[in-house]
Amino acid sequence: MSATATGWETVVGLEVHCELATATKLFCACPNAFGAEPNTNVCPVCLGLPGSLPVLNERAVELAMRIGQALHCTVKPSIFHRKNYFYPDMPKDYQISQYDEPINVDGYLELPDGTRVGIERAHLEEDTGKTTHVGGGGRIHEATYSLVDYNRAGVPLVEIVAAPDIRSADAARAYVAELRAILVAIGASDARMEEGSLRVDANVSVRRPGEPFGTRCEVKNLNSLRSLGRAIEFEAQRQITLLERGEAVVQQTRHWDESDGRTHTLRSKEEAYDYRYFPEPDLVPVAPPGEWQDQVRALLPPLPADRRAHLAAVTGSTPAGVALVVERGLDGLVLAAVAAGADPERALTHAEHNLSMEGADRLDPAAFARLVAMEVAGELTATQAKAVLVDMVETGDPPDDIARARGFEAMGSDALTAAVDEAIAADPDAWASYCGGNEKAKGALVGRVMKATRGQADGKAVTALLEERRAAAPGPA
Amino acid sequence: MTGAGGRPGPRGPAHEIAAAVRRGERTAALVVDEYLEAIAAREEELHAFNVITAERAREAAALLDRRVAAGDDPGPLAGVPVALKDNLCTRGVPTTCSSRILAGWKPPYDATVVERLAAAGAVVVGKTNLDEFAMGSSTEHSATGPTRNPVDTERVPGGSSGGSAAAVAAGFAPIALGSDTGGSIRQPAAFCGVVGVKPTYGRVSRYGLVAFASSLDQIGPFATTVADAALVLEVIAGHDPLDSTSVAEPAPDLLRVLDDGVAGLRVGVVRELLGEGVDAEVVERTRAAAEALDAAGAVVDEVSVPAAAYGLSAYYLIAPAEASSNLARYDGVRYGLRVDAASTAEMNVATRTEGFGDEVKRRIMLGTYALSAGYYDAYYGKAQRVRTLIIRDFDAAYERVDLLLAPTTPTTAFRFGDKTGDPLSMYLSDVCTIPSNLSGHPAMSVPFGFGAGGLPIGVQVLAPALGEAAMFRAAAVLEEAIK
């Protein structure tokens, strides 16, 4: 249910961690790879062995900058801090992260519907290892022992902190989907929620519209867009229920449980860690020179929002209307086909409805334009055009050849009229019923025409002819 | 020294040993045996070492001799025995930091300085005792027991690099490495009557030095002569891509300038470090050193570094703060001691309670407090501002002079137990050395005579960042003057 319908407004701020697609880890030369045997991609540095020191990975800084630029942030001189807390999967018992001087600040992300979500910061930090609790159903308190895999320790992360601008679970999902598309487009991350290379925490609060923000709870363990949406809806409703009962929301960290569809208390504000942040003395400040920033910016590919705006302008649609085509990466094909003379609207329609299959993006734009032209010229019906498209993607053959091989030749109007009259004669009952106002009976007649013409007839034309004949027929007896 | 027959010559200095080994006049095997004998004769009394690597040393020496025989040159430290402070990582050799918490831990890698020494032909004879994790000024805070001062075994050798200082003073090795966070090389060098150098922060790679306070720690040499200290520093200094704070400078050229003298150099005696709390005999020796430099043609004056007086207070916030974080990793999960308990958190506590000594615990608590929410600005933040002031004051002084001169320690070596009951009095023994760590500037202690009871007194030459060459020239003049 929608929270606003009850007079409450949901306020969401999202924190997204994404693993950067670097070859090596953030502070050492170990491979940054998913799925290796436990504790094989490790060295003295990422194991935090005594005496080891971190050295910053330049490529990670470049990707972090790229993310900042794609999110319209200001790239700033930054430093690293140590975030101190004890946890067995953290080799040094502190995490090297950026604190009050992050590399990217003050940007925004534009959703397909045109609304903007503020980006407060996007900073670099190292990932932790991964703990597996053995025995006791995998829960830490009942486990007989725990195993730690440090392969992930030191993998570069960028944490992207959004302003509390999101007002619904749907918008939160749209934000993450858009962010993911951007991260993939710029090559910064493979951004897979299932593999944990994209992790989302949601800060949820509720309020009466116009009132100050309510007390928020942070929800963790959101492993899919679906979980994200469900968790926000559950959590908002939980808070509304509390408030309507006259109780207060307690600031805390909560854990989303996919199986029971609820959030559960993880720790309260009083149990929150004092991280004792201080500047990391083993690293020097990171101040990307303007030249380097310009080089990185120059290599930035067009972003989904820009692509949507461009395609919408060219095809006469809206950014939201072309969102799916851009998401499929077919905007380039449509634009090229239009440039080759294709009708923009028809080309867009095909890309949206008929090109969801693998390999569609490899379609030759000129051939695609030719197909659209054949359809517009009436040489192919819509149904035929779709069939030809499928074959084109599969075989790479030109549309004319495919149409000929399939025997698709536009039917002259005489042949069509004859086929319609034959159908009427062959099924007098259906004809009588249709003339009596039963629209459903039309289907049987159209079916006969199609069968007789082996699908070559244009359905719309058949319907038009049938209507013409009915209008001319004598009234019901 | 003798011919190629291999009859052992006199021990040290290092550059003579290396020269003889490179020419094939002495074998590294005999040099090493000779030092191992010296160690065997007196180690029980002094306890300079946590571990003596006799077997490895003999193997390394034999290999060097085969290389020399084959016409190879093993390098400027060919066959020179070296003692390493036991907080420098050595592959396959226990590195304990004199702490129970690291008992038995063998690093899988060598520190950069260890690699560079080996590449220059040096032979490691052992790992030396220290105050646990380099926290202390007497080597009394060691889980393996105290080291005795070879000059007077009733007295401490200083610390935290007391084992390395004692090893060189006792002739266990002609050279040694220590680490200096607040004076941990210079103070024991002064107490034991040897040369000790803290280079510019970033001159020597910290990769493989078990961290105490990362922004202050620096590795440096001990030697019996200024020339040997210069030789070792040339070998270990220079940029290391594994240490982000390593300066992008090649190793300084020191041996070549050692005889250049100090004529025309401007030297300032630091007024604030000759005041209250510094023994009269130490002040007298410092003034004598100033006169010696003056006699050699330097322009000597007294200068003021006002903020240096606050160095100790700032240091005892910054160093423990960084230590509290650096020592967090000793949690029983991955290596070293583990004391089992019902939960991970309880295991962490049990391990650290059992594994760390009192002084380390005291500093972890101090540092944790200084970084805590609500206290950070008042303690850590303020200490960092004092640090900035100290750097500014030094910079101002170095606009007027090329070098500074000061005592290394307020007193000569004290007796065991004199200061262990009063941490603050122990901390005060670093008052003259700490400012250089806070500023990151180089400083070295040179023996300059003796006080009551024949105890050595060291004077300290300080230089601006990367000013080691001038610093060594002055040190060489002082060494010559005291001969």
Side-chain angles (χ1 to χ4, degrees), chain A residues 27-29 39 42-58 79-96 99-100 129 131 133 140-148 150 153 272-286, chain B residues 87-89 95 97 102 105 107-112 133 202 205-211 213-217 240-246 318 321-322 324-336 343-345 347-349 352 367-376 380-381 384:
Chain A
F27 298 120
C28 64
N39 296 312
V42 293
C43 76
V45 176
C46 58
L47 282 177
L49 292 189
S52 66
L53 295 171
V55 178
L56 183 59
N57 181 340
E58 186 179 316
I79 61 169
F80 285 94
H81 272 68
R82 289 188 187 176
K83 181 179 183 178
N84 295 284
Y85 62 104
F86 284 89
Y87 207 78
D89 63 17
M90 203 162 52
K92 302 181 291 294
D93 286 299
Y94 59 80
Q95 180 192 28
I96 303 178
Y99 178 52
D100 53 1
T131 307
H133 304 293
I140 186 166
H141 297 298
E142 295 138 36
T144 27
Y145 60 94
S146 301
L147 297 171
V148 193
Y150 292 104
Y273 300 110
D274 176 358
Y275 291 120
R276 291 173 283 119
Y277 280 102
F278 74 103
E280 165 59 282
D282 289 331
L283 291 168
V284 291
V286 190
Chain B
N87 61 353
L88 293 167
C89 286
T95 299
C97 296
L102 273 178
W105 181 61
Y109 74 105
D110 277 328
T112 296
F133 284 102
S205 169
R206 293 183 293 118
Y207 191 78
L209 165 66
V210 180
S214 312
S215 74
L216 302 162
D217 295 342
D240 178 11
L242 296 179
D243 176 358
S244 310
T245 63
S246 152
I318 293 169
E322 292 182 11
S324 71
S325 174
N326 282 329
L327 272 63
R329 69 189 69 190
Y330 308 107
D331 58 8
V333 174
R334 289 159 298 273
Y335 44 77
S343 70
T344 306
M347 182 278 283
N348 292 156
V349 172
R352 291 165 69 81
T368 303
Y369 188 78
L371 290 175
S372 296
Y375 297 97
Y376 180 94
Y380 188 77
Q384 288 293 10

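In what follows, every heavy atom counts, from backbone to side chain, and hydrogens, waters and symmetry copies are set aside. Naming convention: chains lettered A, B, ... in sequence-line order (proteins, then strands); numbering from 1 in each chain. Note that the coordinates shown come from a computational prediction; the quantities given were computed from them, not determined experimentally.
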Q: For A:Y150, check ring-ring contact (aromatic ring centres under 6.0 Å, His included) against everything at least two apart and list the hits.
A: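 For A:Y150, no residue satisfies ring-ring contact (aromatic ring centres under 6.0 Å, His included) once neighbours in sequence are set aside.
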
At a 4.5 Å cut-off on heavy atoms, which part of [X] comes close to chain A: side chain, backbone, both, or neither?
| X | value |
| --- | --- |
| B:N326 | both |
| B:Y207 | both |
| B:T368 | both |
| B:S343 | neither |
| B:V333 | side chain |

Best-contacting candidate, [options], against chain A by heavy atom pairs under 4.5 angstrom:
| options | answer |
| --- | --- |
| B:A211, B:A213, B:S325, B:G336 | B:S325 |
| B:G208, B:S215, B:A111, B:P107 | B:G208 |
| B:L102, B:L242, B:N87 | B:L242 |
| B:R329, B:Q384, B:M347 | B:R329 |

Q) When rounded to the nearest 0.5 angstrom, what is the spacing between CG in A:N39 and CZ in B:R334? A) 11.0 Å

Q: Find the distance between OH (A:Y85) and CE (A:M90) and round it off to the nearest 0.5 Å.
A: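 Taking OH in A:Y85 and CE in A:M90, the distance rounds to 4.0 Å.
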
Q: Name the orientation class of the two ring planes belonging to B:Y380 and A:F278 (parallel below 30°, tilted from 30 to 60°, perpendicular beyond 60°).
A: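 The arrangement is perpendicular - the two ring planes meet at more than 60°.
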
(Q) I need the residue from A:L47, A:N84, A:L56, A:D282 with the largest number of non-hydrogen atom pairs under 4.5 Å to chain B. (A)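 The answer is A:D282.
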
Q) Which one, A:L283, A:V148, A:V284, A:L49, leads in non-hydrogen pairs under 4.5 Å with chain B? A) A:L49

**Q.** Heavy-atom proximity to chain B below 4.5 Å, by part of A:P88
**A.** both

(Q) Would you say that more than 12 heavy atoms from the other residues, nucleotides or ligands in this model lie under 6.0 Å from the OH of A:Y277, or not? (A) yes

Q) Quick one: which of A:Y94, A:Y275, A:Y99 gives a ring pair (Phe, Tyr, Trp, His ring centres under 6.0 Å) with A:H81? A)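 Per the ring pair (Phe, Tyr, Trp, His ring centres under 6.0 Å) rule, the option paired with A:H81 is A:Y99, out of A:Y94, A:Y275, A:Y99.
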
Q: Any chance you could lay out the side-chain contact (heavy atoms from CB on, under 4.5 Å) test for B:S244 and A:E280, step after step, and finish with the verdict?
A: CA-CA 11 Å; B:S244 310; A:E280 165 59 282; over 6 Å; no

Q. Does the pair B:Y330 and B:F133 meet the rule for a ring pair (Phe, Tyr, Trp, His ring centres under 6.0 Å), with working shown?
A. CA-CA 12 Å; B:Y330 308 107; B:F133 284 102; 4.9 Å; yes

